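Shown next, in structure tokens, is the structure this report addresses.
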Amino acid sequence: MRLATWNVNSVRTRVDRVTAWLQRRDVDVLALQETKCRDDQFPEERFRELGYEVAHVGYSQWNGVAVLSRVGLDDVEVGFPGMLTWAAKEGAEPAAEARALGATCGGVRVWSLYVPNGRQLGDPHYDYKLEWLAALRTAAGGWLTADPAAQVALVGDWNIAPQDDDVWDMKVFAHSTHVSGPEREAFRAVVEAGYADVVRPHTPGPGVYTYWDYTQLRFPRREGMRIDFVLGSPAFERRVTNALIDRQERKGKGASDHAPVIVELAD
DNA sequence: ATGCCATCCAGAGGATGA
């Protein structure tokens, strides 16, 4: 079974690219982030006609996460228990955002996650990011306490570069989000709760990334960040036989700024 | 060793992104 995650940066803009890629890569389960549409705008039929079941949550033009599967898609869950809410505007009522979607596919509990960006160090959105991750750690840790043999995959855009090797030049990020101590600590807490980066052993660095900014020739200059991860429970990790970051898909006109990440699992 | 910012909605500019 092949499971992948991809921040597509608008599914409507890139649906042709995504469907072609799914077929070329023979992917069974795909978690998408930043679909940037409401449920009624999601191009569900384009995936159904290729044999995929579809679960999506999107409330507006922002965020949006999905799981596509051709090996079953059951027990769909919008958001995880205890997920933080966010007030988009001053004085607005805090509400859940479309940043987490769970579904069981081929025996794996897959969570498509779009971790808050954080914007700037000290910004309210930065605190939201840290608290959102702490809540995720609590929920995900609980799943393994309840069932240590569970096959769980926490996949998506984590908006954190956990190691210095995960950016091309730490000096550029001296006062930036994504590399700060508290963010890295929040990421590590999820790992310590029992979830391992199953991709890194198959894609060693340095210089291996999943995201390249559209500006300043970042991609041809190979100046990127590794911020998209597949974190797997022990039972999931044992099934992983290979992994790759599909850098090819970042090339050309109309590419997302993120590359897809694929994991191969033993049957 | 593949290219010089993109997406959305609104409505011709602003917010978001990492």
Side-chain angles (χ1 to χ4, degrees), chain A residues 5-18 21 32-43 56-66 86-92 95 97-99 113-130 132-133 156-184 186-187 207-229 245-261:
Chain A
T5 183
W6 194 0
N7 178 322
V8 279
N9 187 21
S10 171
V11 69
R12 286 178 291 173
T13 296
R14 255 170 280 291
V15 62
D16 291 342
R17 236 181 137 118
V18 176
W21 178 83
L32 293 170
Q33 300 86 37
E34 281 211 89
T35 59
K36 292 191 169 177
C37 67
R38 299 185 308 266
D39 291 345
D40 62 287
Q41 299 171 309
F42 191 90
H56 175 258
V57 58
Y59 302 122
S60 69
Q61 73 209 77
W62 307 120
N63 314 308
V65 286
W86 173 250
K89 290 175 182 167
E90 188 81 18
E97 294 189 302
R99 293 183 180 276
L113 303 170
Y114 179 46
V115 175
N117 172 286
R119 297 178 185 166
Q120 307 289 332
L121 299 179
D123 190 288
H125 206 262
Y126 177 78
D127 297 328
Y128 169 55
K129 178 180 193 174
L130 295 178
W132 195 95
L133 284 161
D157 178 358
W158 291 74
N159 271 319
I160 296 172
Q163 308 288 336
D164 288 358
D165 273 357
D166 297 329
V167 298
W168 79 94
D169 183 358
M170 275 299 290
K171 289 194 290 295
V172 174
F173 293 85
H175 303 288
S176 301
T177 58
H178 295 62
V179 300
S180 73
E183 289 166 282
R184 287 178 167 180
F187 184 88
V208 172
Y209 309 120
T210 65
Y211 162 89
W212 300 262
D213 196 294
Y214 285 124
T215 68
Q216 298 180 262
L217 288 168
R218 291 301 186 207
F219 182 63
R221 291 182 194 275
R222 296 178 173 268
E223 297 172 343
M225 306 172 76
R226 193 173 71 104
I227 55 177
D228 300 270
F229 294 96
I245 298 164
D246 195 353
R247 206 178 160 279
Q248 280 292 119
E249 196 53 40
R250 178 62 178 79
K251 296 179 182 177
K253 188 174 167 61
S256 168
D257 42 5
H258 294 252
V261 179

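Worth saying up front: this structure is predicted, and the values here are computed from it rather than measured. Just so it is clear: chains get the letters A, B, ... in the order the sequence lines come, proteins before strands, and each one is counted from 1.
- Between the CZ atom of A/Arg247 and the P atom of B/dG3 there is a distance of 9 Å, given to the nearest Å.
- Ion pairing between a basic and an acidic side chain is recognised when a charged N comes within 4.0 Å of a carboxylate O; A/Asp213 and A/Arg221 show no such pairing.
- For the atom pair CD1 of A/Ile245 and CZ of A/Arg250, the computed distance is 14.0 Å after rounding to the nearest 0.5 Å.
- Using atom C1' as the reference point in both B/dA18 and B/dC5, the two lie 13 Å apart (nearest Å).
- One atom, CZ of A/Arg218, and another, P of B/dC4, lie 14 Å apart when rounded to the nearest Å.
- The two residues A/Asn159 and A/Val115 make their nearest non-hydrogen contact at ND2-O, 2.8 Å.
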Treat primed atoms plus P, OP1 and OP2 as sugar-phosphate and everything else as base, then score nucleotides 9-18 of chain B 5' to 3': B for base contact with protein heavy atoms under 4.0 Å, S for sugar-phosphate contact only, - for none. S-----BSSB
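- Atom CD of A/Gln33 is separated from atom C1' of B/dT7 by 16 Å (rounded to the nearest Å).
- Across the P atoms, B/dA15 and B/dG11 are found 13 Å apart, a figure rounded to whole Å.
- Taking atom P in both B/dG3 and B/dG14, one finds a spacing of 31 Å when rounded to whole Å.
- Atom name C1', nucleotides B/dA10 and B/dT16: the rounded distance is 15 Å, in whole Å.
- Nucleotides B/dA12 and B/dA6 are separated by 22 Å at their P atoms, to the nearest Å.
- Comparing A/Thr215 and A/Arg222 by the nucleotide of DNA chain B that holds the closest heavy atom to each, the one mapping nearer the 5' end is A/Arg222.
- With 3.5 Å as the limit, one finds no donor-acceptor pair spanning the side chains of A/Asn117 and A/Lys129.
- At whole-Å resolution of the value, CZ in A/Arg250 and C1' in B/dA1 are 15 Å apart.
- For A/Trp132 and A/Trp86, the ring centers are positioned 6.0 Å apart or more.
- Side-chain atoms of A/Glu34 and A/Asn7 form a donor-acceptor pair, as typed in the model, at a separation below 3.5 Å.
- With respect to A/Trp168, the ring-ring contact (aromatic ring centres under 6.0 Å, His included) criterion is satisfied by exactly one of A/Phe219, A/Phe173, A/Trp212: A/Phe173.
- Rounded to whole Å, the distance from CG on A/Asn9 to C1' on B/dA6 is 6 Å.
- Using a 4.0 Å cut-off, some side-chain N or O of A/Thr13 falls inside it from OP1 or OP2 of B/dC8.
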